[in-house]
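First up is the structure itself, then whatever we jot down about it.
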Protein chains: 2
Amino acid sequence: MSSEEISTKTRILQATWQLLEQHQGQGVNMSDIAKAAGISRQAVYLHFASRTELMIATMNYVDEVKGLNERLNLFNSAKTGIELLEACVDIWGNYIPEIYSLAKPMLMSRDTDEAMAAAWTNSMNCLRDVCQVTIDTLKREGKLIKGWSPKEATDMFMTLISINNWEQLTIESGWTTEQYISWMKRLLKRTFVD
Amino acid sequence: MSSEEISTKTRILQATWQLLEQHQGQGVNMSDIAKAAGISRQAVYLHFASRTELMIATMNYVDEVKGLNERLNLFNSAKTGIELLEACVDIWGNYIPEIYSLAKPMLMSRDTDEAMAAAWTNSMNCLRDVCQVTIDTLKREGKLIKGWSPKEATDMFMTLISINNWEQLTIESGWTTEQYISWMKRLLKRTFVD
DNA sequence: ACTGTCAATTGACACCGTGTCAAGTAATCA
DNA sequence: TGATTACTTGACACGGTGTCAATTGACAGT
């Protein structure tokens, strides 16, 4: 049990992540994961109670490695509402492609899986906070377009930068990440900034 | 076989639609549908080769009854780009709630079901046409904001009025249809109209 | 009345994926 | 030595889709 060996649990998490990446988040079952981790399918259940739990644990693992929270700390350098807005799109827009394969199956099962829905909402909270701060800052600066309540504006902000929209524009419509980020910034500024 | 009796095929379609409406598009299987149509599960397959085919046929059936195409003819009264844009949001925004229960399972299976994806794209084409006409009209009027290519603008238009966004704003965030339509019009105008 | 056909029925079965259980094994710890 | 831990194997239940064969009942044409 030296610190160099990786625990079985970690190996499962890594295998899950890797397989999801390879298959763009689709068609990965428990057998595949077990095989990739070098253990039997049943052994996976010794570490994770269900597929849902494994997915959630994988998300936390990836979040830890990729560090969205740390990235969002780049906000410290942003001062004005517009700077915050642009930083938000930069950070989130570059983060989505890195987690898309993992996020996709979670989004897909959200509707039928209560636990998944809760875990997802929870992990999106840090993003929502950031959107809210941005909207509040704009309002404080008197730059928020008349008519928006902070709640409505935050709802719309979150909706516009949703993974679904990113997917539609990049994967379906063929936009590059740069295109996405550039247009999304313009869209958000025209929508919220006076 | 008088014209008053409904064919079994039609009864299946009606049962499917009704069940989807009742259950908000989720957890409806072939057994349920057969039971609701008053036939055996296996008999459903005498009329539809697969669940996917049944869903697609149901969509066509509902489209026929609800008549999106006819509604989109209301465009004839719209002249300017802005009128077109507003008519589009009015028509589509009021249509979504009527088909959401049917659209939801189609959107969900799209990713894993090639045939479903094709059918969906196909049925969205009339909407895409309308978006394109709107963008083209704005451009002709010199009112399209600089920087948008017609293709990019249409991609963004379609993305903004997507069912996913409607779902996020109304069902998840609690907006009313009126709120949705009102804000969506403002959003689109500020995004595209100079 | 006989025959064919059509729609639907019943029951059984295959396949896949998730999740569970019991019994066994191999290594490690005390 | 004996207990514990991690994992293995094989079997099985469940739910859902899709398939197949054999059967029934009704309605047609001759």
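Chain letters run A, B, ... following the sequence lines, proteins first and then strands; every chain starts at 1.
Residue whose closest nucleotide on DNA chain C sits further toward the 5' end, between B/Q42 and B/T8: B/T8.
With rounding to whole Å, A/Q26 atom CD is found 19 Å from C/dC16 atom P. Rounded to whole Å, the distance from CG on A/N29 to C1' on C/dG17 is 7 Å. C/dA7 atom P lies 14 Å from atom CZ of B/F48, rounded to whole Å. In this structure, B/L54 places its CG atom 15 Å from C1' of D/dG16, rounding to the nearest Å. Regarding B/Y45, its OH atom lies at a distance of 17 Å from the P atom of D/dA21, rounded to whole Å. In this structure, A/K35 atom NZ and D/dC7 atom P are separated by 19 Å, rounded to whole Å. Rounding to whole angstrom units, CG of residue A/D113 and C1' of C/dG19 are separated by 14 Å. Rounded to an integer number of Å, the gap from CG of A/L46 to C1' of C/dA22 is 13 Å.
The side chain of A/R51 approaches C/dT18 more closely than any other nucleotide in the set D/dT19, C/dT18, D/dC7. Which of D/dT8, C/dT10, D/dT17 sits closest to the side chain of A/I39 comes down to D/dT8.
For A/R41 and C/dG17, a side-chain-to-base donor-acceptor distance below 3.5 Å is absent, hydrogens and geometry of angles not being considered.
Judged by distance alone, with hydrogens and angles left aside, the side-chain atoms of A/W148 form no donor-acceptor pair with the main-chain N or O of A/F192 at under 3.5 Å. A distance-only check finds no donor-acceptor pair linking the side chain of B/T159 to the backbone of A/L169 [under 3.5 Å].
Considering A/M184, A/E178, A/K185, A/R186 in turn, A/R186 is the only one that fulfils the side-chain contact (heavy atoms from CB on, under 4.5 Å) rule with A/S182.
Side-chain atoms of B/N165 and A/N164 include no donor-acceptor pair closer than 3.5 Å.
Within the 4.0 Å cut-off from OP1 or OP2 of C/dT9, at least one side-chain nitrogen or oxygen of B/S40 is found. Residue A/H47 places no side-chain N or O under 4.0 Å from the OP1 or OP2 atom of D/dA6.
The side-chain heavy atoms of B/L54 and B/L13, taken from C-beta on, include a pair separated by under 4.5 Å.
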